[in-house]
Amino acid sequence: MRRTFCAWLALVLMLSCTACAPKQYSPAGDPTGDAALDEQVLSVLQQTCQAKNSLTDNVRAVYDWVANEIQYRASTADTSNGFTDDVTAQLASELLAKRRGACDGEAALMAVLLRRMGCEAVIVEGEFQRDGDSEWVDHAWVIAKIDGSYCHLDPLYGRYYAEDAMERYCMASDDVMRQTHRWNAENYPACG
């Protein structure tokens, strides 16, 4: 009798734990088209996103992951023909493998992650200006449509140049970005 009760209790506990277990995050976007890249992207999204969180919270988590896990290293990627799907996938794959790269790789990775989450995302080719420096430097970052509105995401700039204001460059408006960045606004959606 006692053994039956214990087995019944164990079954009830197991079923209740399964029902209460957090639901795994399931991205809304299409696969990347590259099985190896998609596996890596899904791994990052499963690690950073939670099904119970809003899209905005999950985007912030992905931005923080890129800002904290990727280290800057100068590179010589050929983006002379723009950020085609192939170039974007190649840069994102390399960055995930090495965990270090330049702004073009971070922008590509951010775009791939956001697209897999179901967000529209485009890589911006522009420039930024360092504090106290009059020289503009070539730079790339992302504009994405999050919950119906376009915004800028630049984890590299936020990490290295914004000091304690890294989050300022996560889902930023055009007004915020114009303080340190410039780009041909005619080529990209306006961010409010």
Side-chain angles (χ1 to χ4, degrees), residues 27-30 32 41 44-45 48-49 53-75 77-85 87-89 91-92 95 101-192:
D30 293 329
T32 64
V41 165
V44 169
L45 294 178
T48 58
C49 299
N53 287 354
S54 68
L55 176 61
T56 300
D57 288 341
N58 282 330
V59 168
R60 285 185 194 284
V62 168
Y63 173 91
D64 289 344
W65 186 89
V66 172
N68 292 314
E69 295 296 323
I70 305 300
Q71 299 299 312
Y72 179 79
R73 177 178 228 160
S75 67
D78 181 8
T79 58
S80 58
N81 292 323
F83 284 89
T84 64
D85 289 343
V87 167
T88 300
L91 287 169
L95 200 66
C103 61
D104 50 8
E106 282 199 29
L109 177 59
M110 201 71 213
V112 166
L113 290 165
L114 290 167
R115 289 171 186 161
R116 190 64 174 96
M117 294 173 73
C119 301
E120 183 182 320
V122 61
I123 299 170
V124 179
E125 296 180 76
E127 300 173 310
F128 78 91
Q129 190 173 32
R130 293 185 187 112
D131 287 337
D133 194 353
S134 61
E135 182 181 341
W136 287 90
V137 179
D138 287 341
H139 190 50
W141 65 95
V142 173
I143 289 178
K145 190 173 189 179
I146 313 292
D147 289 333
S149 298
Y150 288 98
C151 57
H152 297 265
L153 297 107
D154 190 351
L156 186 141
Y157 191 87
R159 177 177 63 243
Y160 287 111
Y161 299 103
E163 296 176 12
D164 294 334
M166 184 175 87
E167 290 300 315
R168 182 175 186 181
Y169 295 93
C170 178
M171 295 185 271
S173 67
D174 284 343
D175 290 341
V176 167
M177 293 299 281
R178 279 192 193 103
Q179 295 172 23
T180 53
H181 294 63
R182 66 182 182 188
W183 63 99
N184 186 346
E186 294 176 4
N187 296 338
Y188 303 99
C191 301

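Keep in mind that this is a model prediction, so the values were computed, not measured. Both backbone and side-chain heavy atoms feed into the values below; hydrogens, waters and symmetry mates do not.
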With sequence neighbours left out, what residues match E127 under salt bridge (charged side-chain N to carboxylate O under 4.0 Å, His left out)?
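Salt bridge (charged side-chain N to carboxylate O under 4.0 Å, His left out) list for E127, sorted by chain: R182.
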Of the non-hydrogen atoms in [X] and [Y], which two are nearest, and what is the gap between them?
X    : Y    : result
A107 : V142 : O-CG2, 3.2 Å
M110 : P155 : SD-CG, 4.0 Å
L109 : A92  : CA-CB, 3.9 Å
C191 : I143 : SG-CG2, 3.6 Å
A102 : L156 : C-CD1, 4.2 Å
D30  : R116 : O-CD, 3.1 Å

Heavy-atom neighbours of [X] [atom1] exceed 12 at 6.0 Å:
X    : atom1 : answer
D57  : CG    : yes
R178 : CZ    : yes
N81  : CG    : no

Would you say Y161's side chain and M166's backbone share a donor-acceptor pair under 3.5 angstrom?
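No, because the side chain of Y161 does not come within donor-acceptor range (under 3.5 Å) of the backbone of M166.
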[atom1]/[X] to [atom2]/[Y] distance, rounded to the nearest 0.5 angstrom?
X    : Y    : atom1 : atom2 : value
D154 : C103 : CG    : SG    : 8.0 Å
R168 : M177 : CZ    : CE    : 10.0 Å
N187 : N184 : CG    : CG    : 4.0 Å
I70  : L95  : CD1   : CG    : 4.0 Å
D104 : W141 : CG    : CH2   : 13.0 Å

Got [X] and [Y] here, is their nearest side-chain heavy-atom distance under 4.5 Å?
X    : Y    : value
L153 : V59  : yes
D64  : E167 : yes
C119 : L113 : no
D85  : T88  : no
T180 : Q129 : no
L91  : F83  : yes

Does the ring centre of W136 sit less than 6.0 Å away from the ring centre of H181?
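No; W136 has its ring centre 6.0 Å or more from that of H181.
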Any side-chain donor paired with an acceptor under 3.5 Å for D78 and S80?
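Short answer, yes.
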Does either side chain, that of T48 or that of N58, offer a donor lying less than 3.5 Å from an acceptor on the other one?
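Absent: no donor and acceptor within the cut-off.
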Got a salt bridge between R115 and E120, using NZ or NE/NH1/NH2 to carboxylate O under 4.0 Å?
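Salt bridge: no.
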Ion pair check, E69 and R159, cut-off under 4.0 Å
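R159 and E69: not salt-bridged.
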Name of the residue among W183, Y160, F128, Y169 meeting ring-ring contact (aromatic ring centres under 6.0 Å, His included) with H139:
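Option passing the ring-ring contact (aromatic ring centres under 6.0 Å, His included) with H139: F128.
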